[in-house]
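Working notes, beginning with the structure itself.
Below, all heavy atoms of this structure are taken into account, side chains as well, without hydrogens, waters or symmetry copies. Bear in mind the structure is a predicted one, so any value in this text is a computation, not a measurement.
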Amino acid sequence: MGALRAAIGVALVLTAAPVAWAVDPSGFDVMGIRLYMTSAEALTILRMQTKAVAVQDHPCERDLTRRCVGMIDADLPDGRMEIRFAEIPAVSEVASELAYSITLSIVAANRLTPELLRAATVDHYGLPTVPETMTWCRMLLRFSNSCDANQPLMRLEAAEGVAGVLKLTDLGLPRRLRRDAGLAASH
């Protein structure tokens, strides 16, 4: 599993330019949940924090007799978490899917304002790569002050009714897993 996670973490964006304050959000966690965790690992951590966990599964693409987790929803003391999973197309004894999107809608409790949440997030994760959008990533798109969504990135967004929404994503993971499975099948 370590080799799979290492391969997933490789930057695939050739049009990106490194910046001095860039960080690798693939090592970040949100309430203990990290990118590339299996659904079993995520469920173990979530069930230590709450009993309000819902799992949405579906028949696995590679083996219709098995069930694969597509999403986990959890009501946590600090808010609502949604974790989305990408199915591993290749046969794996370790896991059927890996987390590629973690979203935490943080409740505005105990006088937690968006400004306080922003400061606490910077204190915990460090300065964002793009302060204007509160986005952390390894590389910026060339000639741009924005991060490519197909790499690991984290963003703190404003939202109505909550103190903020923290999103840790690697939206390129599902495509890379399918591509890598196709390459392995052709050899």
Would M81 and L153 show up in the same hydrophobic cluster when neighbours are defined by side-chain heavy atoms closer than 4.5 Å?
-> no
Per side-chain contact (heavy atoms from CB on, under 4.5 Å), L104 is matched among I33, L156, V165, L76 by L76
Single-linkage hydrophobic cluster V162~M154, side-chain heavy atoms < 4.5 angstrom = no
Look at the side-chain heavy atoms of Ile, Leu, Val, Met, Phe, Trp and Tyr, link any pair under 4.5 Å apart, and say whether M71 and L171 land in one connected group.
-> no
To the nearest 0.5 angstrom, please state how far the CD1 atom of I83 sits from the CD atom of E97.
-> 11.5 Å
Looking at A74 and T50, what are the two nearest heavy atoms and their distance?
-> CB-CG2, 4.3 Å
Is the backbone of K167 close enough, under 3.5 Å, to the side chain of T169 for a donor and an acceptor to pair up by distance?
-> no
Closest approach of W136 to G126 (non-hydrogen atoms, all atoms of both residues) | NE1-O, 2.9 Å
Not counting sequence neighbours, list each pair that qualifies as a side chain to side chain donor-acceptor pair (under 3.5 Å) and has a residue in residues 68-80.
-> D75-R80
Is the backbone N or O of E87 less than 3.5 Å from a side-chain atom of E61, with the two atoms forming a donor-acceptor pair by type?
-> no
For A99 and L173, work out which heavy atoms get closest and say how close.
-> O-CD2, 3.8 Å
Side-chain contact, heavy-atom cut-off 4.5 Å: F28 with P152?
-> no
Between CZ on residue F85 and CD1 on residue I102, distance to nearest 0.5 Å | 8.0 Å
Distance from M134 atom CE to Y125 atom OH, nearest 0.5 Å?
-> 11.0 Å
Separation between CD1 (I106) and CD (E157), nearest 0.5 Å, reads 11.0 Å
Polar side-chain atom of Q49 near backbone of M31 as donor-acceptor pair, under 3.5 Å | yes
Please report the shortest heavy-atom distance between P25 and V23, naming the atom on each side.
-> CD-O, 3.0 Å
With sequence neighbours excluded, give me every disulfide bond (SG atoms under 2.5 Å apart) pair touching residues 24-67.
-> C60-C68
Non-hydrogen atoms of V130 and S146 that approach each other most closely | CG2-CA, 4.5 Å
Can you tell me how far CG of L141 sits from CD of Q151, rounded to the nearest 0.5 angstrom?
-> 7.5 Å
Examine V107 and L166 and state if one hydrophobic cluster contains both, with Ile, Leu, Val, Met, Phe, Trp and Tyr joined whenever side-chain heavy atoms are less than 4.5 Å apart.
-> no
Taking all heavy atoms of D170 and all of N150, pick out the closest pair and write down the distance.
-> OD1-O, 3.3 Å
Under 4.5 Å between any side-chain heavy atoms of C147 and M139, yes or no?
-> no
For the pair T129 (side chain) and C137 (backbone), establish whether a donor and an acceptor sit closer than 3.5 Å, ignoring hydrogens and angles.
-> yes
What pairs of residues pass the salt bridge (charged side-chain N to carboxylate O under 4.0 Å, His left out) test when at least one of them lies in residues 119-137, not counting sequence neighbours?
-> none
From I88 CD1 over to R178 CZ, what is the distance, rounded to the nearest 0.5 angstrom?
-> 13.0 Å
Shared hydrophobic cluster for V69 and L64 (ILVMFWY, side-chain gaps under 4.5 Å) | no
